Protein chains: 2
Amino acid sequence: METILFDYLAKYITLTEEEKKILLDLDVFKQYKKGSILLREGQVSDFGYFVIKGCIRSFTMVDGVEKTTAFYTEAESCEPLCKINKKPSTSYVACVEDSILVVANSAMEVEVFEKFPRFETLCRLLSEELLANKKAEFDEFRTSSPEQRYLNLLNTRPDLFQRVPQYQIASFLGITPQSLSRMRNRLVDNPSQNS
Amino acid sequence: METILFDYLAKYITLTEEEKKILLDLDVFKQYKKGSILLREGQVSDFGYFVIKGCIRSFTMVDGVEKTTAFYTEAESCEPLCKINKKPSTSYVACVEDSILVVANSAMEVEVFEKFPRFETLCRLLSEELLANKKAEFDEFRTSSPEQRYLNLLNTRPDLFQRVPQYQIASFLGITPQSLSRMRNRLVDNPSQNS
DNA sequence: AAGATTCGTTCACTTAAGTTAAGAAAATCG
DNA sequence: CGATTTTCTTAACTTAAGTGAACGAATCTT
C-alpha cells in the first residue's frame with residue numbers, strides 16, 4: 001500500500017528509510033466507502049487527499065444539479081481550495097468508489113517540513129508541476145469542442161468510463177448527459193474524425 | 001518599479017533589506033515592446049515572467065488560427081509549461097502591450113533559494129495558491145455557458161476589454177469572434193440576466 | 001496622407017447543444 | 001428476489017455556436 005505513495009514520490013526525490021518512517025508514523029492511510037463525503041460545501045477543512053486506491057471526485061451544486069469538476073484516481077492528489085484560502089468550501093469532495101487515501105492537513109505538513117526539510121522542495125516541485133499540468137489541461141479544454149474533449153478523455157483516461165457514471169463525465173466535459181448520449185451515437189454512426 | 005514586486009511578495013513573507021538586495025542584484029527587470037514574442041512553439045525555455053507593467057498573453061496555433069489561453073497583467077506571473085517539463089513549448093507567449101517584466105530562470109531561483117532559504121517556502125505557498133486559483137477558474141469555466149463566462153470576465157477583469165483585441169478575448173472564452181460579437185448584441189437588446 | 005493590413009460586424013446557413021419529458025435499463029437495497 | 005431508486009437513452013423542439021463570406025472601420029506603415 002505504501003509503495004504507491006513512495007513510488008510516486010520517487011519521481012521527485014529518493015527517500016531514506018528514516019524519512020519513510022517519518023511519513024508512516026503520521027498514520028495517514030485511511031479507508032472510505034463508496035459514497036462517503038469527504039468535504040461539504042460551506043465547510044472549512046484543512047485536509048488534502050492523495051489516492052492510493054479508488055476514485056474520488058469534486059463537484060459543485062448549481063441550481064440543484066451536480067457539476068463534476070474533477071476526478072482523482074490512483075497516485076493523484078486533491079488539494080481543495082478551502083485548504084489554501086481558508087474560506088468555506090464552494091465544492092464537495094466524495095468517493096466514487098471504495099477508496100484508500102492518504103489524508104493530511106497543513107499542520108502535518110509543517111511537522112514533516114521541520115523534521116525533513118527536503119520535503120518542502122518536493123512539495124514545491126510537485127505543486128509547480130501540478131500547476132503546469134492543470135494549465136495545459138485547461139488550455140486543451142478551452143480550445144476544444146465538446147466532441148474533441150470527449151475523444152481526448154477517451155484517450156487520456158479511458159478507465160474513467162468504466163468507473164464513473166456518465167452523467168458525471170458529461171458535466172466534467174461541460175455538457176449535459178443527454179448531449180453526451182447523443183454524441184456517442186453520432187460517433188458510432190459516423191466514426192470519421194476519431195483520432 | 002520594484003515596489004510592485006515587493007508589495008506582491010509581502011502578501012506571503014516580509015523581506016529584509018538584504019533579501020531585497022539579493023533579488024535586485026539579479027537584474028531581472030526587462031522592458032519589451034508591444035508585439036514582442038517571449039516564447040515560441042517548439043522552443044525549450046527555462047524562463048518565467050512576472051508582470052510589473054503591461055500585459056502578456058499565451059496562445060497556441062490550431063490550424064493556422066490563434067487560440068488565446070491566458071492573459072497576464074500587473075502582478076501576475078506566467079510560468080510556461082516547458083519551464084517545468086523541459087519539453088518543447090506547445091504555446092507562444094507574447095506582449096500585448098509595451099511591458100516591464102521580471103524575467104527569471106530556474107538557475108536564478110536555485111541561486112536565491114541557497115542564499116535565502118525562506119524564498120523556497122514563499123515559492124511553495126505561491127505555487128499552491130496559484131494552483132488552487134487555477135482550479136477554481138477552470139471549474140468556473142467548465143460549469144458555465146459562453147455567455148456566463150463572458151459576463152463573469154466582464155466582472156472579474158473589466159480592464160482586459162480595454163487592453164486586448166476582441167478576437168483574443170473570444171478564443172479566451174472558448175468561442176469565435178463572430179459569436180462574441182453576436183452575443184454582445186443579444187445582451188444589449190435583451191439585458192435580462194446580467195448579474 | 002495613402003495604401004495596406006488587421007479587426008469587428010453582419011448575414012445566411014449548418015450543426016450541435018440545451019430543455020423538457022418520458023420511458024427503458026441498470027444498480028441498489030431490503 | 002422483487003421493489004425502488006438511479007442512470008441512460010430517445011425524441012421533439014428551442015436556442016446558440018460554428019462556418020464562410022463580405023464589407024466597413026480602425027490601425028498600422030511608410
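So you know, we letter chains A, B, ... as the sequences are listed, proteins then strands, and number each from 1. All values derive from a computational prediction rather than experimental measurement.
The cluster map of Ile, Leu, Val, Met, Phe, Trp and Tyr, joined by side-chain heavy atoms under 4.5 Å apart, puts A:Leu9 and A:Ile52 in the same cluster. Residues B:Ile37 and B:Val103 fall into different hydrophobic clusters, defined by Ile, Leu, Val, Met, Phe, Trp and Tyr side chains chained together at heavy-atom separations under 4.5 Å.
Aromatic rings from A:Tyr150 and A:Phe161 are positioned such that their centres are separated by under 6.0 Å. Aromatic ring centres of B:Phe141 and A:Phe138 lie closer together than 6.0 Å. With ring centers used as reference points, A:Tyr72 lies 6.0 Å or more from A:Tyr49.
Set against D:dG18, C:dG8, D:dG20, the side chain of B:Pro165 has C:dG8 as its closest nucleotide.
Not one side-chain nitrogen or oxygen of A:Thr176 sits closer than 4.0 Å to the OP1 or OP2 atom of C:dA17. The side chain of B:Asn185 places an N or O atom within less than 4.0 Å of a non-bridging phosphate oxygen (OP1 or OP2) of C:dT10. Under 4.0 angstrom from either OP1 or OP2 of D:dC8 there lies no side-chain N or O belonging to A:Ser181.
Following rounding to the nearest Å, B:Ile175 (CD1) and C:dA17 (P) show an atom-to-atom distance of 16 Å. The nearest whole Å value for the distance from the CZ atom in B:Arg186 to the P atom in C:dG18 is 14 Å. One can place CZ of B:Arg184 at 11 Å from C1' of C:dT9, the figure rounded to the nearest angstrom. Atom C1' of nucleotide D:dT10 and atom CE of A:Met183 are separated by 16 Å, given to the nearest angstrom. D:dG24 atom C1' lies 16 Å from atom CD of B:Gln166, rounded to whole Å. Here the C1' atom of nucleotide C:dA27 and the CD atom of A:Glu97 are 15 Å apart, to the nearest Å. A:Tyr167 has its OH atom 9 Å from the P atom of D:dT6, to the nearest Å. As rounded to whole Å, 14 Å separates atom C1' of C:dT28 from atom CG of A:Asp98.
Across all strands, B:Gly35 comes closer than 4.0 Å to no nucleic acid atom at all (heavy-atom distances).
Two residues, B:Val164 and A:Gln178, neighbour DNA chain C, and the one matched to the more 5' nucleotide by heavy-atom proximity is B:Val164.
No N or O donor and acceptor, one from the side chain of B:Arg182 and one from the base of C:dG8, sit under 3.5 Å apart.
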